[in-house]
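On a predicted model such as this, the values are computed, not experimentally measured, just so you know.
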Amino acid sequence: MIRDALPFVTVDGVAVLDFSGDDARERYDLLLVTSCALVFADDSVRRVEVAIAATDSNRRRALHRAGFRLEGTARERRLESGVPVDELHYAQLRDDHTSGRLGFTAVMNTVTPRKRLISHLLLTDTAGRVCILETTFKPDFELPGGILEVGESPRVGLIREVAEELDHAVSVGRLLVVDWLAPYLGWEDAVELIFDGRELAELAIARLRPDGREIRAVHWLEPEAAIATMAPFAQGRLRAALAAREEGRTLYLEAGVRIS
């Protein structure tokens, strides 16, 4: 093996680098650059993989500088001094940008935090009752809407979700609430947006059809009755959405508690 390269094995066009040696951290950048050049000199290699302990911040930074992208975490995959730690899995493809602005942003996109984004809709009838959905997968009720897909705008995702849930094309009005959701039941933290769906006419209400898979039934309840069906952290969110509509403003919440 070349002195300034890491040991590796190649199977079916995938090279796996062994980045576990005792080399000084000052050599990490050189080792990675030389190893990638050596590996990709073989035209049959399309991908290079590296796995390191999540606690190894020096190797992590070296991999970022070398243009490796984080692809996943294997929980408690390694033992470090007898203690189980997570293992991070990085990879680089032959055609990846590994330098310059594009290379930097591609790497950062994989290693910086991502938050789940949720869009819901405040729909009321002409009597002021709130549209609240009874789901098939949890005991508490929810406003129409749901989790957005990658690259989907909050408005477009909300329209899609309501169409899937109720077979109805909604009109999305202004933003009423921004709420930071604390971690809950295994979910990581997230951000929820509530948009104004305005009043729905009786004729349109009659055309709503729950999908039967995620949505068991559609209920139209007085505000306090609707709030009582929701999870505790979601109750403040609906109250805030109603207040925001009345006040003509957008409110910011954290974990269902109004901040501003």
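- Of all the heavy atoms in A243 and L251, the pair that sits closest is CB-CD1, 4.3 Å.
- In this structure, the side chain of T110 does not engage the main chain of R69 through any donor-acceptor pair within 3.5 Å.
- The only option from R239, R258, R237 that meets the salt bridge (charged side-chain N to carboxylate O under 4.0 Å, His left out) definition with D179 turns out to be R237.
- Within the 3.5 Å criterion, the main-chain N or O of L176 finds no donor-acceptor partner in the side chain of R245.
- Contact of the R155 side chain with the I159 side chain is registered, since non-hydrogen atoms from C-beta on lie closer than 4.5 Å.
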One pair to check against side-chain contact (heavy atoms from CB on, under 4.5 Å): V130 and L143. What are the steps and the verdict?
CA-CA 9 Å; V130 175; L143 295 174; 4.0 Å; yes
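- In this structure, L158 and L148 approach most closely via the heavy-atom pair N-CD2, 4.1 Å.
- The pair R207-D167 does not count as a salt bridge, with every side-chain nitrogen at least 4.0 angstrom from each carboxylate oxygen.
- The neighbour count for F40 CZ, taken as heavy atoms of other residues, nucleotides or ligands under 6.0 Å away, is above 12.
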Apply side-chain contact (heavy atoms from CB on, under 4.5 Å) to residues V170 and F195 and explain how you reach the verdict.
CA-CA 11 Å; V170 294; F195 291 88; over 6 Å; no
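- In this structure, the side chains of E202 and I205 come closer than 4.5 Å at one or more pairs of heavy atoms.
- E161 is not listed as a side-chain neighbour of S119, based on a closest heavy-atom distance of 4.5 Å or more.
- Across all their heavy atoms, L123 and G197 have their closest contact at CD2-O, 3.4 Å.
- Just one of E76, R78, R75, R77 meets the side chain to side chain contact (heavy atoms under 4.5 Å, CB included) condition when paired with V85; it is R78.
- A 4.5 Å side-chain heavy-atom check between Q92 and V50 finds every atom pair outside the cut-off.
- With hydrophobic clusters built from ILVMFWY side chains whose heavy atoms lie under 4.5 angstrom apart, V107 shares a cluster with F104.
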Derivation and outcome, side-chain contact (heavy atoms from CB on, under 4.5 Å), residues L63 and F19:
CA-CA 10 Å; L63 285 164; F19 199 10; 4.1 Å; yes
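- Annotation for A241 and I194: closest pair CB-CG2, 3.9 Å, computed over non-hydrogen atoms.
- Put simply, L133 and I118 are part of two different groups of oily side chains (I, L, V, M, F, W, Y) that touch within less than 4.5 Å, one to the next.
- I132 and I215 are assigned to two separate hydrophobic clusters, defined by single-linkage of ILVMFWY side chains at heavy-atom distances under 4.5 Å.
- Proximity of a side-chain donor or acceptor of T34 to a complementary backbone N or O of L31 within less than 3.5 Å is not detected.
- Within a 6.0 Å sphere centred on CD of E188, heavy atoms belonging to other residues, nucleotides or ligands number 12 at most.
- Between the CG atom in L238 and the OG1 atom in T229 there is a gap of 8.0 Å [rounded to 0.5 Å].
- Between K138 and E214, none of the side-chain N atoms (NZ, or NE/NH1/NH2) sits under 4.0 Å from a carboxylate O, so this pair counts as no salt bridge.
- Side-chain N or O atoms of D96 include none that pairs as donor or acceptor with a backbone N or O of T98 at under 3.5 Å.
- Side-chain contact check for I52 versus L88: some heavy-atom pair is nearer than 4.5 Å.
- Between Y90 and L70, the shortest heavy-atom contact is CD2-N, 3.6 Å.
- Considering only heavy atoms from C-beta on, T73 stays 4.5 Å or farther from H89 through its side chain.
- The backbone N or O of V111 lies less than 3.5 Å from no partner atom in the side chain of R114, so there is not a single donor-acceptor pair.
- Residues D140 and A231 share a closest heavy-atom pair of CB-N, 3.6 Å.
- By the 4.5 Å heavy-atom criterion applied to side chains, L117 and P154 are counted as neighbours.
- No continuous path of ILVMFWY side-chain contacts below 4.5 Å connects V33 to L6, so the two sit in separate hydrophobic clusters.
- Counting heavy-atom neighbours within 6.0 Å of R25 CZ, excluding the residue itself, gives a total of 12 or less.
- The side-chain heavy atoms of D189 and L181, taken from C-beta on, include no pair separated by under 4.5 Å.
- Remark: R65 CZ is packed, more than 12 non-hydrogen atoms of other residues, nucleotides or ligands lying under 6.0 Å away.
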